[in-house]
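Taking it in order: structure first as C-alpha cells, then the write-up.
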There are 4 protein chains.
Amino acid sequence: MGKGRLEAFSDGVMAIIITIMVLELKVPHGAEMGALRPLIPIFLSYLLSFVNVGIYWNNHHHLLQAVRQVNGRTLWANLHLLFWLSLIPFATAWMGENFTNLPVALYGVVLFMAAIAYFILTHALISHHGQDSTLATAVGRDWKGKVSLLIYAVAIPLSFVKSWLGCALYVLVAITWLIPDRRIEKALRQ
Amino acid sequence: MGKGRLEAFSDGVMAIIITIMVLELKVPHGAEMGALRPLIPIFLSYLLSFVNVGIYWNNHHHLLQAVRQVNGRTLWANLHLLFWLSLIPFATAWMGENFTNLPVALYGVVLFMAAIAYFILTHALISHHGQDSTLATAVGRDWKGKVSLLIYAVAIPLSFVKSWLGCALYVLVAITWLIPDRRIEKALRQ
Amino acid sequence: MGKGRLEAFSDGVMAIIITIMVLELKVPHGAEMGALRPLIPIFLSYLLSFVNVGIYWNNHHHLLQAVRQVNGRTLWANLHLLFWLSLIPFATAWMGENFTNLPVALYGVVLFMAAIAYFILTHALISHHGQDSTLATAVGRDWKGKVSLLIYAVAIPLSFVKSWLGCALYVLVAITWLIPDRRIEKALRQ
Amino acid sequence: MGKGRLEAFSDGVMAIIITIMVLELKVPHGAEMGALRPLIPIFLSYLLSFVNVGIYWNNHHHLLQAVRQVNGRTLWANLHLLFWLSLIPFATAWMGENFTNLPVALYGVVLFMAAIAYFILTHALISHHGQDSTLATAVGRDWKGKVSLLIYAVAIPLSFVKSWLGCALYVLVAITWLIPDRRIEKALRQ
C-alpha cells in the first residue's frame, strides 16, 4: 500500500491539533494591557505545545521520507501516535490554567506516551522494511529518542516536587529536537 | 474521474471529526486528581469513538486502494458515509455525559447508519468496477460487515435493558475490526 | 501553475466547514427523548447545509477535473467562493435556532452570494482556458446555475412573507443539484 | 526532500485558521435586524483577516511553485510562519470585540511578525536554492515585502493615537497584495 494517505491523514490531524490549541487563548473582556496578563501562562503552554507538535510533524515527515510502503499494522501504529497527540490540547489547556503539580505531570505523561507511540511506529516500519533498509540505517540506535523518553520519565515524578522543574525538562527535550535530525537526510543521500 | 480528491476530502473530514471530539474533554477548574474523575466516562467514550473513526479511516483507505476511478454516484455515497460519521462527535459527547439508555442507544444508531452507508459505498464502487473486478473479489461476501450490522441491530434495543450491555457490544465490534482486513491486501497482491 | 494546491486548500476549507457546523448541535443536559426535541430544527438546518456544501464540493470537483491550470485571478475567485461558504455555519446556526423571517432570508443571501461566486469562478476559469476549451463546452449555457440564482432571488423576499416558503425553495434547489451534473463527465469523455 | 507535505500541512493549517475565525461570529439570541448590529465590527475584522490569510496562502502557493526541494531549516522557517498566522484568530476576535488602541496595535504586531516570518522563510529557501535560482530572480529585491513591513511598523504606534488610523494602514497593505504578485509567474515562464 502507498504511504500517501497515511501522510495526508497525519498532516490533517496534526494541523488541526496545532490550530485548535489556540482556541484556549480565550478573548479577554477588557481591552487594556492587564486583560492580557492572565493569558501569559496559557500562551507559554501553547508555545511549548506548538513546538512539540511541530517536532512530531517534522520527525514524522523525515521518517516517512525513508519509507516506501505501509501495511495494516503501521496504519494502527500511526493512529496510536495520533491518539496521544490528540490529547495534547487538553493537557496544554489544563497546565496553562493551573501551573501546579498534577497538570504539569499529566502533560509529561501525554508527551511520554506520544514518544512511546513514535518509538512503536518507527519499529513497526523498520520490521516491515527490513533491518538492512535505508530506514533502519537512518534510525540507527536512536539514542536521542531513548534519552528523551528517559528525561520524560524523570520529569513526571519531579513535577510533584516542583512544577517548574518538570516543565523545565520538557523544554529541554524540545530544544534538543529543534536541531533537525540529520540521520535520515544523511541516509537518504547515500 | 480520479479518486484523489475523494480521498483527500474524506481524510480531511475524518481528521477533523477525530480531533474535535477531544474538545468535549473540557478543561476542569480544579487541579487535583478529583477534578479529573468526572472526565473518565467522557474519556472512555472518546477512546471508543477514536477507535471507531480510526477503523473507518483504515477500511476506507483499504477500499479505495482497490478502486481505480469514481463517478458522481460514488461521490454522493461517500458524502452519505461522512454525514453519519460527522454525527459521532455529538453521539459520543451525549453518551459520555449521560451513560443511560437513550444516549447509548443513539450512539448505536449512528454506528449502525454509518455501517449501512459504508455498505452502500462499497456496493456503489463494485457496481462501477464490475462483479469480476479486484474490488469485488476483495470484498467477497462481506461476512464481517454483515455480522457487524447484525450486532448493532441487537445492541440498540439491548441498550434500553442495560446501557452497559449495548456498549459492550459496540466495543466487541470495534475489537473485531482492529484486526486489519487482509482481504483487500491479499486480492491486490494477486 | 498547477491546480493541486487550489484543490487541496478548497478540500480543507470545505471539510472544516462541513464538520464545524455539527458543533452547533450542542449536547443536551437531559438524557430523555424530550431533551432531543429542541435539537430537531437545528439538525434539519445542519442536514440542509451539509447537502449544500456537499453539492459545492461535488461541483467544484467536477469543475476542476476539466481545468488544466490556474492563475492568480482564479485563486482569488476561488477564495471569494470559500469566503461565502465559510459563512454557511453561521447562517445555518442562526436559522436553526430561530426559524423566522430574517434568519431564513439571510441563509438565502449566503447561498445566493456563494452561487454568484461559483459563477464568477467558472467564468474566470473559462476565460483562462478559452471559449473552445473542454471546460467551456462542458459548462455550456449553464441553465441550471442561472435558474438556481433566480430561485434564490425569489426565495429571499418570500422568506419575509412565510419563512417555510423561502426554505422550501432552498430545499428545491438542493434537490435539483443532488442529481449529478453530467455535462462535465460527458465533455471529458469526448 | 520533496515539498509535498510542507505544502499539504501549510494548506491544512491555513484552511483551519481561516475557518475557525468564523466561530467568533457567535449566533445572536434575537432574530431581528438589531441582533446583527453588534456583529458588524466582528464581521469586518473577520473579512480583513480572511483576506490577509488568503494573501498568505496565495503568496505561499506562488513561492513554493518556484521551489524544488526543502530541508530541515525551511521546515522550521515554515512552522515559524504558521505560528504567527495561528495567532490571527485571537487577534481578530479581540480587535473585533474591542476596537480600541491596544487590540488594534496587537493585531498589527501579529501581522508584522507574520511578515517577518515570511521574509525569513523566503530567504531560507533562497539560500538553499542559490542566488542565481529561479526563486532568487523571482523574489528580486522584494520591495513590496519590505514596504509592507515598514507600513506595519508605522501603523502599530499610530494605533495608540487613533485606532482607525492603524487599521486603515492594515487595510492599505492588504489592498496592495490583492493585486497578485506576478514576479514568480513571470520568472517561471522564462
Side-chain angles (χ1 to χ4, degrees), chain A residues 1-21 23-24 26 42 45 53 69-106 109-110 159-160 163, chain B residues 3-36 39 42-43 46-66 177-186 188-189:
Chain A
M1 279 196 295
K3 62 180 179 178
R5 280 191 76 183
L6 186 142
E7 292 183 329
F9 186 71
S10 309
D11 281 349
V13 173
M14 287 192 265
I16 301 159
I17 289 171
I18 232 171
T19 325
I20 62 172
M21 282 191 301
L23 294 176
E24 274 309 311
K26 302 265 165 59
I42 300 174
S45 298
V53 178
Q69 48 182 349
V70 294
N71 59 1
R73 200 173 142 209
T74 49
L75 294 187
W76 277 110
N78 192 60
L79 277 165
H80 178 231
L81 170 63
L82 295 179
F83 176 74
W84 291 107
L85 293 181
S86 81
L87 296 178
I88 288 184
F90 173 79
T92 305
W94 204 33
M95 183 172 79
E97 286 181 29
N98 305 277
F99 197 78
T100 54
N101 306 141
L102 187 62
V104 174
L106 186 84
V109 169
V110 172
S159 306
F160 288 103
S163 325
Chain B
K3 62 179 179 178
R5 280 191 76 182
L6 186 144
E7 292 183 329
F9 186 70
S10 308
D11 281 350
V13 172
M14 288 191 265
I16 300 159
I17 288 170
I18 232 170
T19 325
I20 63 172
M21 282 191 300
V22 94
L23 294 176
E24 273 309 310
L25 278 175
K26 302 266 165 58
V27 180
H29 289 300
E32 72 292 349
M33 197 58 94
L36 289 181
L39 291 179
I42 301 174
F43 178 75
Y46 171 61
L47 180 59
L48 178 59
S49 294
F50 188 98
V51 169
N52 272 316
V53 178
I55 288 165
Y56 273 101
W57 179 75
N58 220 318
N59 289 347
H60 195 270
H61 183 286
H62 276 80
L63 184 68
L64 269 289
Q65 287 279 326
W177 283 99
L178 274 176
I179 303 140
D181 191 341
R182 298 202 187 284
R183 290 173 299 173
I184 287 172
E185 289 187 37
K186 233 184 271 171
L188 281 173
R189 228 174 287 133

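All chains are named by letter (A, B, ...) in the order of the sequence lines, taking the proteins before the strands, and each is independently numbered beginning at 1.
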Validation row: Leu87(A), Tyr46(B) side chains within 4.5 angstrom (heavy atoms) | yes
Given side chains that start at C-beta, do those of Val51(B) and Phe83(A) come closer than 4.5 Å, heavy atoms only?
-> no
Count the heavy-atom pairs under 4.5 Å between each of Leu106(A), Ile17(A), Leu79(A) and chain B, then report the option with the highest count.
-> Leu79(A)
Given the options Leu85(A), Thr100(A), Asn101(A), Val13(A), which has more heavy-atom pairs under 4.5 Å with chain B than any of the others?
-> Val13(A)
Taking only distance into account, with no hydrogens and no angle test, what donor-acceptor pairs under 3.5 Å do side-chain atoms of residues 18-32 of chain B form with protein atoms, sequence neighbours excluded?
| unit_1 | atom_1 | unit_2 | atom_2 | d |
| --- | --- | --- | --- | --- |
| Thr19(B) | OG1 | Ala15(B) | O | 2.4 |

With sequence neighbours left out, write down each residue that passes side-chain contact (heavy atoms from CB on, under 4.5 Å) with Ala91(A), or none if nothing qualifies.
->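 Once residues adjacent in sequence are excluded, the partners of Ala91(A) under the side-chain contact (heavy atoms from CB on, under 4.5 Å) criterion are Tyr107(A), Val110(A).
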About how many Å separate [atom2] of [Y] and [atom1] of [X], when rounded to the nearest 0.5 Å?
X	Y	atom1	atom2	value
Leu75(A)	Ile55(B)	CG	CD1	12.5 Å
Trp76(A)	Asn58(B)	CH2	CG	5.5 Å
Arg5(A)	His61(B)	CZ	NE2	6.0 Å
Trp57(B)	Leu82(A)	CH2	CG	8.5 Å

Tell me, side chain or backbone of Ser86(A) under 4.5 Å from chain B's heavy atoms, or both, or neither?
-> both
Which region of Leu39(B), side chain (C-beta onward) or backbone (N, CA, C, O), has a non-hydrogen atom less than 4.5 Å from a non-hydrogen atom of chain A, or is it both or neither?
-> side chain
